[in-house]
> 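Below is one structure. I have some questions about it.
Here is the naming used below: chain letters follow the sequence lines, and residue numbers restart at 1 for every chain. The basis for the numbers below is simple: all heavy atoms, side chains too, and nothing from hydrogens, waters or symmetry mates. Model, not experiment: these values are computed from the prediction.
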Amino acid sequence: MAKISLDYYRQQNVVHLAKDLLGKYLFTRIDGQLTSGMIVETEAYNGRTDAACHAHAYKRTARTSIMYEAGGLAYVYLCYGIHHLFNIVTNQEEYADAVLIRAVEPVDGLDIMLARRGKSKPDNRLTAGPGSLSKALGINRSFYGESLDGNTIWLEDRNIRFSKGEIVETTRIGVDYAGDDAFLPWRFYVKDNPYISKK
DNA sequence: CTAACGATTCGCT
DNA sequence: GCGAATCGTTAGT
């Protein structure tokens, strides 16, 4: 077992961590049903400096409070009243940083993921996009605050490493409200991977 | 208590 | 390419 330990998530540079998470495997086990995917797209959010982060400038609310905990917890919230978006809380206590997982490449439990997504055949949209991958992996708001060191949701390092040329760094999606911070190159994805959320 | 609004997705044109 | 779907969170009355 190559489960990633909590120390990993407590690194202080959330942008570096978002890039490093590419190639890691995300697992869920719900009622004995195992599903997983390899992370191929992420975005970094920095609580102290970044206007796009829900916890921007020490804004502590009921929803964002989990981001102020030490790294290694799940931050899941409902977006547009429809989609559950899965983030990993990072950095030390009081540093409200998080990485949004935007896309994975399906690995284990393909039939389970198809059923959850209401699809009969696999396609490139099965786990592409933050709402889609959460649905495929069965992640919902009940995962809010769940430790990534447990047996329900966790990450594994299977020694997949991407070279600099295989990783694209660009601006984040859907954060126009953040002013200048919308232009930060804090979105990372694996070049040419068919499961990234947008071209 | 009320109202506005999303770190999106899917289907239809 | 465009617009509807849909509801918890948030801030303001």
Side-chain angles (χ1 to χ4, degrees), chain A residues 9 14-19 21-22 26 37 39-69 71 73-91 95-106 113-146 148 153 168-190 193-199:
Chain A
Y9 306 107
V14 68
V15 177
H16 172 264
L17 198 50
K19 190 194 292 191
L21 280 165
L22 296 175
L26 172 63
I39 297 170
V40 295
E41 181 180 347
T42 63
E43 286 178 0
Y45 288 85
N46 181 304
R48 299 207 164 183
T49 65
D50 169 21
C53 184
H54 292 153
H56 173 50
Y58 303 90
K59 190 174 85 168
R60 196 188 292 249
T61 65
R63 184 177 64 159
T64 63
S65 65
I66 201 69
M67 283 201 272
Y68 289 84
E69 303 286 321
L73 303 176
Y75 167 45
V76 181
Y77 75 97
L78 184 65
C79 187
Y80 292 99
I82 306 171
H83 307 290
H84 298 277
L85 272 57
F86 169 65
N87 300 251
I88 297 173
V89 175
T90 74
N91 210 332
Y95 290 84
D97 296 354
V99 175
L100 170 68
I101 307 302
R102 286 195 59 91
V104 304
E105 182 177 311
M113 294 195 280
L114 284 171
R116 286 177 182 149
R117 294 275 284 129
K119 291 177 179 289
S120 52
K121 291 181 179 176
D123 60 34
N124 292 349
R125 308 249 62 83
L126 180 64
T127 54
S132 299
L133 79 89
S134 293
K135 191 169 184 185
L137 291 171
I139 298 170
N140 56 48
R141 237 170 56 72
S142 72
F143 283 67
Y144 181 92
E146 191 78 26
L148 301 185
I153 182 166
V168 179
E169 307 185 8
T170 183
T171 52
R172 295 172 293 179
I173 292 178
V175 295
D176 293 347
Y177 59 84
D180 290 343
D181 289 340
F183 298 107
L184 292 169
W186 286 1
R187 174 177 173 232
F188 304 97
Y189 64 85
V190 178
N193 186 283
Y195 292 94
I196 62 171
S197 64
K198 290 189 181 178
K199 279 196 172 177

> Which part of the nucleic acid, if any, lies within contact of A:Ala62, taking any heavy atom under 4.0 Å across all strands shown: a base, the sugar-phosphate backbone alone, or nothing?
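Sugar-phosphate contact only - A:Ala62 comes under 4.0 Å of backbone atoms but never of a base.
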
> Using the salt bridge (charged side-chain N to carboxylate O under 4.0 Å, His left out) criterion, which residues pair with A:Lys135? Sequence neighbours excluded.
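By the salt bridge (charged side-chain N to carboxylate O under 4.0 Å, His left out) rule, A:Lys135 matches no residue at all.
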
> Donor-acceptor pair, distance only, cut-off 3.5 Å: does the side chain of A:Thr42 make one with the backbone of A:Ala18?
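Confirmed, A:Thr42 side chain pairs with A:Ala18 backbone.
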
> Which residues pass the salt bridge (charged side-chain N to carboxylate O under 4.0 Å, His left out) test with A:Lys119, not counting sequence neighbours?
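Once residues adjacent in sequence are excluded, the partners of A:Lys119 under the salt bridge (charged side-chain N to carboxylate O under 4.0 Å, His left out) criterion are A:Asp123.
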
> Regarding A:Leu85, tell me which of base, sugar-phosphate or nothing describes its non-hydrogen contacts under 4.0 Å with the strands shown.
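Sugar-phosphate, no base atom in range.
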
> Could you list where the contact with chain A starts and ends along DNA chain C, reading 5' to 3', using a 4.0 Å heavy-atom cut-off?
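Span of nucleotides near chain A: C:dA5 to C:dA11.
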
> Sort and list the pairs that fulfil salt bridge (charged side-chain N to carboxylate O under 4.0 Å, His left out) and have at least one residue in residues 170-182 of chain A, not counting sequence neighbours.
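Every salt bridge (charged side-chain N to carboxylate O under 4.0 Å, His left out) pair that includes a residue of residues 170-182 of chain A, provided the two are not neighbours, is A:Asp50-A:Arg172.
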
> Using a heavy-atom cut-off of under 4.0 Å over every strand shown, decide if A:Lys59 touches base, sugar-phosphate, or nothing.
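Result for A:Lys59 = sugar-phosphate.
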
> According to salt bridge (charged side-chain N to carboxylate O under 4.0 Å, His left out), does anything in residues 56-68 of chain A pair up with another residue at least two apart or in another chain? List the pairs.
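Checked against salt bridge (charged side-chain N to carboxylate O under 4.0 Å, His left out) - neighbours excluded - the pairs reaching residues 56-68 of chain A are A:Arg60-A:Glu94.
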
> Starting at the 5' end of DNA chain C, what dot-bracket string do you get if Watson-Crick and G-U pairs under 3.5 Å are bracketed, crossing pairs use [ ], other-strand pairs use | and unpaired bases use dots?
|||||.||||||.

> Extract all donor-acceptor atom pairs below 3.5 Å that involve side chains of residues 81-91 of chain A and protein atoms in other chains or at least two apart in sequence.
{"residue": "A:His84", "atom": "ND1", "partner": "A:Arg141", "partner atom": "N", "Å": "3.4"}
{"residue": "A:Asn87", "atom": "ND2", "partner": "A:Tyr75", "partner atom": "O", "Å": "3.2"}
{"residue": "A:Asn91", "atom": "ND2", "partner": "A:Gln12", "partner atom": "O", "Å": "3.1"}
{"residue": "A:Asn91", "atom": "ND2", "partner": "A:Asp97", "partner atom": "OD2", "Å": "3.1"}

> Considering residues at least two apart in sequence or located in another chain, which fulfil the side-chain contact (heavy atoms from CB on, under 4.5 Å) criterion with A:Thr49?
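Checked A:Thr49 against side-chain contact (heavy atoms from CB on, under 4.5 Å); matches are A:Asn46, A:Trp186.
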
> Not counting sequence neighbours, which residues clear salt bridge (charged side-chain N to carboxylate O under 4.0 Å, His left out) with A:Glu43? List them please.
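Per chain and number, A:Glu43 pairs via salt bridge (charged side-chain N to carboxylate O under 4.0 Å, His left out) with A:Arg102.
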
> With heavy atoms under 4.0 Å as the rule, sort A:Arg172 into base, sugar-phosphate or nothing.
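No contact.
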
> With A:Pro194, which residues qualify under side-chain contact (heavy atoms from CB on, under 4.5 Å), at least two apart?
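With neighbours one apart ignored, the set is A:Asn124.
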
> How close do A:Pro185 and A:Glu169 get, counting heavy atoms only, and between which atoms?
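Heavy atoms of A:Pro185 and A:Glu169 come nearest at O-CB, 4.5 Å.
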
> With nearest nucleotide decided by heavy atoms, which residue, A:Ile173 or A:Arg125, maps closer to the 5′ end of DNA chain B?
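Nearer the 5' end of the strand: A:Ile173.
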
> 5' to 3' on DNA chain B, which nucleotides open and close the contacts with chain A (atom under 4.0 Å from a heavy atom)?
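Contact boundaries, 5' end first: B:dG6 to B:dC10.
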
> If only atom types and distance count, is the side chain of A:Ser65 paired as donor or acceptor with the main-chain N or O of A:Ala62 below 3.5 Å?
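Yes: the side chain of A:Ser65 pairs with the backbone of A:Ala62.
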
> Can you list the steps and then say if A:Tyr58 with A:Arg48 is a side chain to side chain contact (heavy atoms under 4.5 Å, CB included)?
CA-CA 6 Å; A:Tyr58 303 90; A:Arg48 299 207 164 183; 3.4 Å; yes

> By a strict heavy-atom criterion of less than 4.0 Å, which residues belonging to residues 77-84 of chain A are in contact with DNA chain C?
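Within this stretch, A:Leu78, A:Tyr80, A:Gly81, A:Ile82 sit under 4.0 Å of the strand.
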
> Answer whether the closest heavy-atom distance between the side chains of A:Asn140 and A:Val76 falls below 4.5 Å.
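SC-SC contact between A:Asn140 and A:Val76 ruled out.
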
